There are 2 protein chains.
Amino acid sequence: MTTRIQRRNRERILEAALDVFSVNGFRGSTLDQIAAVAGLSKPNILYYFDSKDAMHRALLDQLLGIWLAPLRAIRATGDPHDEILGYMRRKLQMSRDYPRESRLFANEVLQGAPRLADAIAGDLKALVDDRAEIIRGWIEAGRLARIDPHHLIFSIWALTQHYADFDAQIRLIRGDTDPMDGAEAFLDLLFDRLLKP
Amino acid sequence: MTTRIQRRNRERILEAALDVFSVNGFRGSTLDQIAAVAGLSKPNILYYFDSKDAMHRALLDQLLGIWLAPLRAIRATGDPHDEILGYMRRKLQMSRDYPRESRLFANEVLQGAPRLADAIAGDLKALVDDRAEIIRGWIEAGRLARIDPHHLIFSIWALTQHYADFDAQIRLIRGDTDPMDGAEAFLDLLFDRLLKP
DNA sequence: GTCTATAATGCGATAGAC
DNA sequence: GTCTATCGCATTATAGAC
């Protein structure tokens, strides 16, 4: 049986772990850092999670659901142009709302996806292949430009996640301007032009 | 005075350090790993570099020159469409030729660019702002679509570096296909459509 | 220049009191 | 449930022989 306090502490620990892991990666993060951010002692956070690895796995597990939802929402029955622009906008919104999750994911893939290989080669690949087939169907029907569906999906990932993952660089170059200011208008124009048959 | 052997060993160490740092990040990498890849003993690599940090700084220093060259090559006197597509193609070629450097850079920026902040806010920002002005001039002259020059440059970075930085993910999704197969044709089409006035 | 041995510290995890 | 204390191992860096 789990009490309110237990749930609250588990959440505080995962919140702190996300802060730390998303910046420093798994090996670069320490339990001392996570405990300090969570406002708990190091042995105490190990009372709630068996190990540093268990914290990281818990974060990756809950990440996958969040991460796949926008792509899942693409429907073959919708208008091709609207469906794909809608997907791009949802992904861009995720870079706004979940930048730490985006960086956690980026850290993981940069290192060769050691802990995500199964999920990527399984659920994600299946979902991507399925949506790529929908896009291929739209192209065959003459409703979209003749572009490679996989590269189209990769381009949406690259362009939207860049604003979360390379936030530090964009801030240093653009100064006080909000890094994502103007991004949606730019990407709307880009994909509008790209998709037209 | 530096001998041939010294130069060769320094190069072997930097080569090994790039292998290791680009995958594991700075804190996630160990001197044992680097020494093993270099085929030298741990004290021996510390004979050539004062510290782990010195190896990392040496890599970042030589990285910056490589990294800025393609953007520097943009000329106000050229044809706008050709200049920008040429830049994109050079950047894509760098993801092919220097994927480890791309990941080293990505690791650094993901962590908030602690060791690159000065270079980004200095040389890189100055170069980007200058080339953005050139692009703005082309737009005012009606030779390009009315798009934000900074976002255009960011989009080139995002789309090209994605193939190096997220290589593991793309491989898992595309299977045996070369991750960059079809990328140039796709990006040629994308930027051709985006840039037209 | 390169090695073995080791010092010095950092870190994940556990023991045990309360 | 939470803490202090500590174990045991990994890691950076140095000492000193050759």
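Below, read A as the first sequence line, B as the second, and so on, with proteins coming before strands; counting in each chain starts at 1. Every value quoted in this text rests on a predicted model; they were computed, and no experiment measured them.
Taking atom CZ of R10(A) as the reference point, atom C1' of dT2(D) lies 17 Å away to the nearest angstrom. The interatomic distance linking I45(B) (CD1) with dT2(C) (P) rounds to 12 Å, in whole Å.
Residues meeting the side chain to side chain donor-acceptor pair (under 3.5 Å) test with R136(A), sequence neighbours left out: E133(A).
Phosphate proximity of dA13(D) to Y47(B): absent, as no side-chain N or O sits under 4.0 Å from OP1 or OP2. Using a 4.0 Å cut-off, no side-chain N or O of N44(A) falls inside it from OP1 or OP2 of dT4(D).
In this structure the side chain of L110(B) never reaches within 4.5 angstrom of the side chain of V23(A), judged on heavy atoms. Residues D188(B) and M88(B) have side chains in contact (heavy-atom distance under 4.5 Å, counting atoms from C-beta outward).
A donor-acceptor distance shorter than 3.5 angstrom exists from the side chain of R174(A) to the backbone of D181(A), with no hydrogens or angles considered. R143(B) places no side-chain N or O within 3.5 Å of a backbone atom of P80(B) that could act as its donor or acceptor partner.
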| Nucleotide-resolved protein contact map, nucleotides 4-18 of chain C, B/S/- at heavy-atom distance under 4.0 Å | BB-----SBBB----
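Taking the six-membered ring for Trp and the full ring otherwise, the centers of W67(B) and F105(B) sit less than 6.0 Å from each other.
At the heavy-atom level, F49(B) lies nowhere under 4.0 Å from the strands shown.
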